[in-house]
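Here is the structure we will look at, set down as C-alpha coordinates.
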Amino acid sequence: MTELDKTKIGIGEMKGFAFTQKEASEKAYVYEVDMGEDVIYYEVFKRRINTRFEGQKVSYPTSKGFGIWAWSYRSYDRAVKKYNELNKGGNKWH
(Lines give C-alpha, C1' and ligand atoms only; values in the text may rest on other atoms or scores of the structure.)
Protein backbone atom coordinates (compact mmCIF):
# COMPACT_ATOMS: atom_id res chain seq x y z
CA MET A 1 0.00 0.00 0.00
CA THR A 2 1.40 3.38 -1.00
CA GLU A 3 0.55 6.04 1.58
CA LEU A 4 0.41 9.79 1.05
CA ASP A 5 3.56 11.88 1.40
CA LYS A 6 3.78 13.84 4.65
CA THR A 7 5.00 16.88 2.68
CA LYS A 8 4.83 17.72 -1.00
CA ILE A 9 4.83 20.62 -3.44
CA GLY A 10 1.71 20.80 -5.58
CA ILE A 11 1.60 20.23 -9.32
CA GLY A 12 -1.04 21.03 -11.93
CA GLU A 13 -3.80 23.28 -10.59
CA MET A 14 -2.01 23.41 -7.21
CA LYS A 15 1.46 24.12 -8.64
CA GLY A 16 3.86 25.64 -6.13
CA PHE A 17 1.64 25.24 -3.06
CA ALA A 18 3.28 23.51 -0.07
CA PHE A 19 1.29 20.67 1.52
CA THR A 20 2.05 19.39 5.02
CA GLN A 21 0.22 16.51 6.67
CA LYS A 22 -1.05 17.59 10.11
CA GLU A 23 -3.33 14.67 11.03
CA ALA A 24 -3.74 11.15 9.69
CA SER A 25 -5.82 8.11 10.60
CA GLU A 26 -7.24 5.04 8.94
CA LYS A 27 -10.30 7.12 7.95
CA ALA A 28 -9.15 10.69 7.22
CA TYR A 29 -6.39 13.28 6.76
CA VAL A 30 -5.77 16.97 7.44
CA TYR A 31 -3.24 18.81 5.29
CA GLU A 32 -2.06 22.38 5.73
CA VAL A 33 -1.81 24.15 2.39
CA ASP A 34 0.58 27.11 2.17
CA MET A 35 -0.19 29.19 -0.89
CA GLY A 36 2.58 31.69 -0.11
CA GLU A 37 2.29 35.31 0.98
CA ASP A 38 0.94 34.21 4.41
CA VAL A 39 -2.12 32.49 2.89
CA ILE A 40 -2.75 29.16 4.64
CA TYR A 41 -5.78 26.89 4.68
CA TYR A 42 -6.54 23.27 5.54
CA GLU A 43 -7.84 20.40 3.46
CA VAL A 44 -9.68 17.56 5.19
CA PHE A 45 -10.56 14.41 3.32
CA LYS A 46 -11.60 10.80 3.68
CA ARG A 47 -8.96 8.13 3.17
CA ARG A 48 -9.65 6.59 -0.23
CA ILE A 49 -7.71 3.77 -1.83
CA ASN A 50 -7.27 3.79 -5.59
CA THR A 51 -7.09 0.16 -6.71
CA ARG A 52 -6.15 1.09 -10.29
CA PHE A 53 -2.53 1.25 -9.16
CA GLU A 54 -0.54 -1.92 -8.64
CA GLY A 55 -0.19 -2.46 -4.93
CA GLN A 56 -2.96 0.08 -4.31
CA LYS A 57 -2.40 3.74 -3.51
CA VAL A 58 -4.08 6.22 -1.16
CA SER A 59 -5.48 9.09 -3.24
CA TYR A 60 -5.28 12.82 -2.57
CA PRO A 61 -8.47 14.54 -3.75
CA THR A 62 -8.65 16.63 -6.90
CA SER A 63 -10.91 19.68 -7.11
CA LYS A 64 -13.80 17.38 -8.15
CA GLY A 65 -13.71 15.65 -4.75
CA PHE A 66 -14.33 18.77 -2.68
CA GLY A 67 -17.79 18.88 -1.17
CA ILE A 68 -18.12 15.13 -1.71
CA TRP A 69 -15.25 13.46 0.16
CA ALA A 70 -12.98 16.44 0.81
CA TRP A 71 -13.45 19.86 2.46
CA SER A 72 -11.43 23.06 2.76
CA TYR A 73 -11.25 25.30 5.84
CA ARG A 74 -9.43 28.53 6.71
CA SER A 75 -9.39 27.54 10.40
CA TYR A 76 -7.31 24.64 11.72
CA ASP A 77 -9.86 24.16 14.53
CA ARG A 78 -12.73 23.73 12.04
CA ALA A 79 -10.60 21.34 9.98
CA VAL A 80 -9.89 19.20 13.05
CA LYS A 81 -13.59 19.21 13.94
CA LYS A 82 -14.42 17.78 10.48
CA TYR A 83 -11.52 15.32 10.77
CA ASN A 84 -12.93 14.08 14.09
CA GLU A 85 -16.41 13.70 12.55
CA LEU A 86 -14.95 11.60 9.73
CA ASN A 87 -13.12 9.42 12.23
CA LYS A 88 -16.38 8.80 14.10
CA GLY A 89 -18.08 7.89 10.82
CA GLY A 90 -20.16 11.07 10.60
CA ASN A 91 -21.62 12.17 7.27
CA LYS A 92 -22.09 15.87 7.95
CA TRP A 93 -21.38 18.06 4.94
CA HIS A 94 -20.09 21.18 6.73
Side-chain angles (χ1 to χ4, degrees):
M1 175 78 61
T2 303
E3 295 293 334
L4 294 172
D5 293 332
K6 295 198 186 306
T7 62
K8 69 177 191 164
I9 301 298
I11 58 173
E13 61 188 10
M14 303 302 281
K15 185 176 181 179
F17 296 175
F19 294 78
T20 304
Q21 188 181 95
K22 295 296 189 181
E23 307 287 344
S25 72
E26 291 183 11
K27 293 185 177 184
Y29 296 92
V30 176
Y31 272 79
E32 178 183 274
V33 182
D34 185 342
M35 298 174 64
E37 298 182 21
D38 296 323
V39 178
I40 293 177
Y41 67 95
Y42 300 91
E43 294 184 343
V44 182
F45 54 95
K46 294 178 182 180
R47 185 173 193 267
R48 294 184 78 177
I49 298 170
N50 189 334
T51 58
R52 292 184 301 174
F53 293 95
E54 184 177 324
Q56 302 180 343
K57 181 179 180 179
V58 178
S59 292
Y60 199 98
T62 64
S63 59
K64 294 177 184 177
F66 282 83
I68 301 169
W69 62 281
W71 298 265
S72 178
Y73 297 96
R74 293 290 306 224
S75 159
Y76 180 71
D77 290 340
R78 289 193 67 205
V80 169
K81 182 178 178 182
K82 182 62 177 182
Y83 171 79
N84 290 335
E85 287 176 7
L86 293 173
N87 279 303
K88 291 178 184 174
N91 290 321
K92 295 182 180 177
W93 290 92
H94 52 285

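Owing to the predicted nature of the structure, the values given are computational and were not obtained by experimental measurement. Residue numbers run from 1 in the order of the sequence given.
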Enter the distance from [X]:[atom1] to [Y]:[atom2] here, rounded to the nearest 0.5 Å.
{"X": "L86", "Y": "K46", "atom1": "CG", "atom2": "NZ", "answer": "6.5 Å"}
{"X": "I49", "Y": "E3", "atom1": "CD1", "atom2": "CD", "answer": "7.5 Å"}
{"X": "R52", "Y": "K57", "atom1": "CZ", "atom2": "NZ", "answer": "10.5 Å"}

Self-check item: Reference residue Y29; test ring pair (Phe, Tyr, Trp, His ring centres under 6.0 Å); the match among F45, W71, W69
Solution: F45

Side chains of residues 8-24: which donor-acceptor pairs under 3.5 Å do they make with residues two or more places apart or in other chains?
residue, atom, partner, partner atom, Å
E13, OE2, S63, N, 3.4
E13, OE2, S63, OG, 3.4
Q21, NE2, Y31, OH, 2.9
E23, OE2, Y76, OH, 2.6

Exercise. Quick one: closest heavy-atom pair of N50 and S59, and the distance?
Key: CB-OG, 3.1 Å

Quiz prompt | Listed partners of T62 passing side-chain contact (heavy atoms from CB on, under 4.5 Å), at least two apart | solution =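 Residues passing side-chain contact (heavy atoms from CB on, under 4.5 Å) with T62: K64.
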
Which side-chain N or O atoms in residues 36-44 pair as donor and acceptor under 3.5 Å with protein atoms at least two apart or in another chain?
residue, atom, partner, partner atom, Å
Y41, OH, E43, OE2, 3.2
Y42, OH, E32, OE1, 3.4
E43, OE1, Y60, OH, 2.6

Quiz item: Given side chains that start at C-beta, do those of Y83 and S25 come closer than 4.5 Å, heavy atoms only?
Solution: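 Touching, per the 4.5 Å side-chain cut-off.
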
